[in-house]
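Encoded as structure tokens, the structure appears first; notes follow it.
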There are 2 protein chains.
Amino acid sequence: MSEPFELASVNVSVTPEEKFQEFLATKGMRLTHERSLIVEEVFADHSHFDAEELVERLKKRNVSRATVYRTLNCLEEAGLLRKVARTNDRDVYEHDYGYPQHDHLICGKCGSLTEFHSESLSELLGSVANSHGFLMEGHRLEVYGTCSDCAKPPKRQFRKLDMI
Amino acid sequence: MSEPFELASVNVSVTPEEKFQEFLATKGMRLTHERSLIVEEVFADHSHFDAEELVERLKKRNVSRATVYRTLNCLEEAGLLRKVARTNDRDVYEHDYGYPQHDHLICGKCGSLTEFHSESLSELLGSVANSHGFLMEGHRLEVYGTCSDCAKPPKRQFRKLDMI
DNA sequence: TTCGATGCAAACACTTTGCAAATCC
DNA sequence: GGATTTGCAAAGTGTTTGCATCGAA
């Protein structure tokens with residue numbers, strides 16, 4: 001039962017929906033049935049997704065595309081979601097609540113995102129920002145390349161680019 | 001006359017236009033007058049820009065929007081340009097030739113990009129990728145926050161959020 | 001019972017594409 | 001002279017918005 005990350009530093013006793021509720025309250029906004037469904041769908045598992053995927057999943061639950069987009073923006077502003085990357089011209093979202101800071105290795109072949117966390121990285125960025133008098137609030141790091149699965153060819157096949 | 005970066009490791013004896021020419025040749029493509037104008041405009045100075053800005057600048061030279069977009073993609077593929085960030089829903093380009101690897105501090109207030117380079121960062125990413133069996137080909141790092149200019153308030157003004 | 005929220009469709013911003021005419025080699 | 005490239009405008013994306021209706025507090 002080992003967790004991929006330590007969750008100790010984050011208060012997880014408040015559910016995402018409750019946290020959203022709090023946020024909405026401060027804005028004089030309401031936690032409607034639709035917004036509730038969206039939060040439920042978004043936090044059903046910890047996977048990366050884009051708006052269109054979510055629209056598709058919520059269509060079955062009779063939530064409109066407009067509402068999904070509107071709510072995604074709210075969830076981002078509320079600190080429950082964040083954009084991590086861009087794939088196929090779409091923003092990719094992931095949970096930004098109850099889950100620690102990390103970055104991604106992005107495979108150019110299969111498009112998979114692999115998460116990693118490095119304390120040294122945070123320290124490094126802190127000192128870089130500091131030396132520029134820059135007040136760091138966050139960062140986004142995408143490492144491009146080929147993931148281990150795609151790197152090992154399944155079996156010997158045709159060469160794509162043989163020298164003539 | 002100090003340069004911001006060492007250019008020693010890059011062969012700058014070949015101009016961007018020549019390098020583009022080479023690339024086009026390998027693709028059976030031609031270095032037309034329009035493409036030439038675009039390269040000239042792009043490499044006139046070392047500043048960040050987006051497609052729309054370039055379209056605007058080249059309109060005066062009678063190059064169409066479509067050609068600018070098409071050529072930007074070519075220049076990226078040729079390794080002469082790369083996308084560095086996204087601002088206002090637009091991709092921001094910068095030179096990727098005759099200029100060393102670096103990353104950016106992005107100011108959320110004024111939108112300015114400040115370049116920095118860290119060798120330790122490259123090493124760190126290399127070892128992270130390595131430990132995941134990931135073949136790193138490049139990365140993109142954006143550090144968000146407030147730049148030194150925007151951080152120091154011009155003069156004491158109203159507090160935006162006074163406690164009541 | 002009052003605002004805020006929803007769904008719909010139209011509007012948007014950025015980018016790509018089909019096609020005939022122009023251009024390059 | 002034949003293939004590539006251009007400009008134009010139309011089509012495509014992903015996302016936002018105006019508005020009448022609906023619904024939560």
Side-chain angles (χ1 to χ4, degrees), chain A residues 17-18 20-42 48-78 81-93 111, chain B residues 17-18 20-42 48-78 81-93 111:
Chain A
E17 178 160 1
E18 285 164 341
F20 193 33
Q21 169 82 282
E22 285 172 24
F23 169 82
L24 291 171
T26 69
K27 295 271 189 176
M29 294 167 79
R30 297 161 182 170
L31 180 58
T32 62
H33 184 225
E34 285 81 0
R35 302 221 245 242
S36 203
L37 287 175
I38 293 171
V39 172
E40 186 182 317
E41 201 68 56
V42 162
H48 300 99
F49 64 91
D50 62 47
E52 216 52 37
E53 283 170 31
L54 196 60
V55 165
E56 195 53 39
R57 285 202 270 157
L58 281 155
K59 199 178 291 176
K60 301 165 193 157
R61 308 246 236 152
N62 298 313
V63 182
S64 74
R65 153 181 266 87
T67 298
V68 172
Y69 274 95
R70 280 189 276 238
T71 305
L72 278 176
N73 288 335
C74 287
L75 286 169
E76 196 185 355
E77 204 191 335
L81 285 182
R82 65 182 187 123
K83 293 176 181 161
V84 272
R86 212 155 211 268
T87 314
N88 304 126
D89 293 318
R90 291 177 183 180
D91 284 317
V92 177
Y93 289 91
Chain B
E17 178 160 2
E18 285 165 340
F20 193 33
Q21 169 82 281
E22 284 172 25
F23 170 81
L24 292 170
T26 69
K27 293 273 189 173
M29 293 167 81
R30 298 162 183 169
L31 180 56
T32 62
H33 183 226
E34 284 80 359
R35 302 220 246 242
S36 202
L37 287 175
I38 293 171
V39 172
E40 186 182 318
E41 200 68 56
V42 163
H48 300 99
F49 64 93
D50 63 46
E52 216 52 38
E53 284 170 31
L54 197 59
V55 165
E56 196 53 40
R57 285 202 269 156
L58 281 155
K59 200 178 289 175
K60 301 167 194 159
R61 308 246 237 155
N62 299 311
V63 182
S64 73
R65 153 181 265 88
T67 298
V68 171
Y69 273 96
R70 280 189 277 237
T71 304
L72 278 176
N73 288 336
C74 286
L75 286 169
E76 196 185 355
E77 205 190 332
L81 285 182
R82 66 182 187 122
K83 292 175 182 164
V84 272
R86 216 154 208 271
T87 315
N88 304 124
D89 292 318
R90 291 177 182 180
D91 284 317
V92 178
Y93 288 92

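Note on naming: letters A, B, ... go to the chains in the order of the sequence lines (proteins, then strands), and numbering restarts at 1 for each one.
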Atom [atom1] of [X] to atom [atom2] of [N]: distance rounded to whole Å?
X	N	atom1	atom2	answer
Lys59(A)	dT6(C)	NZ	P	18 Å
Arg90(B)	dT15(D)	CZ	C1'	15 Å
Asp89(A)	dC14(C)	CG	P	14 Å
Tyr93(A)	dG14(D)	OH	P	13 Å
Asp91(A)	dC14(C)	CG	P	15 Å
Leu54(B)	dT15(C)	CG	P	11 Å
Leu72(A)	dT6(C)	CG	P	12 Å
Glu53(A)	dT15(D)	CD	C1'	16 Å

Would you list the atom pairs, donor with acceptor, under 3.5 Å between side chains in residues 66-73 of chain B and any protein atom, with sequence neighbours excluded?
from     : atom 1 : to       : atom 2 : distance (Å)
Thr67(B) : OG1    : Ser64(B) : OG     : 3.1
Tyr69(B) : OH     : Glu52(B) : OE1    : 3.0
Thr71(B) : OG1    : Thr67(B) : O      : 2.8

### Message
Any base atoms under 4.0 Å from Asn73(A), or only sugar-phosphate, or nothing? Heavy atoms, all strands.
### Response
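Sugar-phosphate contact only - Asn73(A) comes under 4.0 Å of backbone atoms but never of a base.
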### Message
Holding to side-chain contact (heavy atoms from CB on, under 4.5 Å), I want the full list of residues that pass it with Thr32(A), two or more places apart in sequence or in another chain.
### Response
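Here the qualifying residues are Arg30(A), Glu34(A), Arg35(A).
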### Task
Report the residues that fulfil side-chain contact (heavy atoms from CB on, under 4.5 Å) with Glu77(B), sequence neighbours left out, ordered by chain and then residue number.
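So Glu77(B) forms a side-chain contact (heavy atoms from CB on, under 4.5 Å) with Phe23(B), Lys27(B).
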### Task
For Phe20(A), enumerate each residue passing the ring pair (Phe, Tyr, Trp, His ring centres under 6.0 Å) test, keeping only those at least two apart in sequence or located in another chain.
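Here no residue qualifies.
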### Axis deviation across the helix from dT1(C)-dA25(D) to dC25(C)-dG1(D), five-pair ends, to the nearest 10°
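One end axis against the other gives 30°.
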Side chains of [X] and [Y]: does their closest heavy-atom pair fall under 4.5 Å?
X	Y	value
Lys83(A)	Arg86(B)	no
Leu37(A)	His33(A)	yes
Lys59(A)	Glu56(A)	yes
Asn88(A)	Asp50(A)	no

### Message
So, OP1 or OP2 of dT16(C): does either fall under 4.0 Å of a side-chain N or O from Tyr69(B)?
### Response
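No, outside the criterion.
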### Query
Nucleotide by nucleotide, 5' to 3', does protein get under 4.0 Å of the base (B), only the sugar-phosphate (S), or neither (-) in nucleotides 3-10 of chain D, counting heavy atoms?
BBSBBB--
### Query
Does the pair Lys60(A) and Glu41(A) meet the rule for a salt bridge (Lys or Arg N to Asp or Glu O under 4.0 Å), with working shown?
CA-CA 11 Å; Lys60(A) 301 165 193 157; Glu41(A) 201 68 56; over 6 Å; no
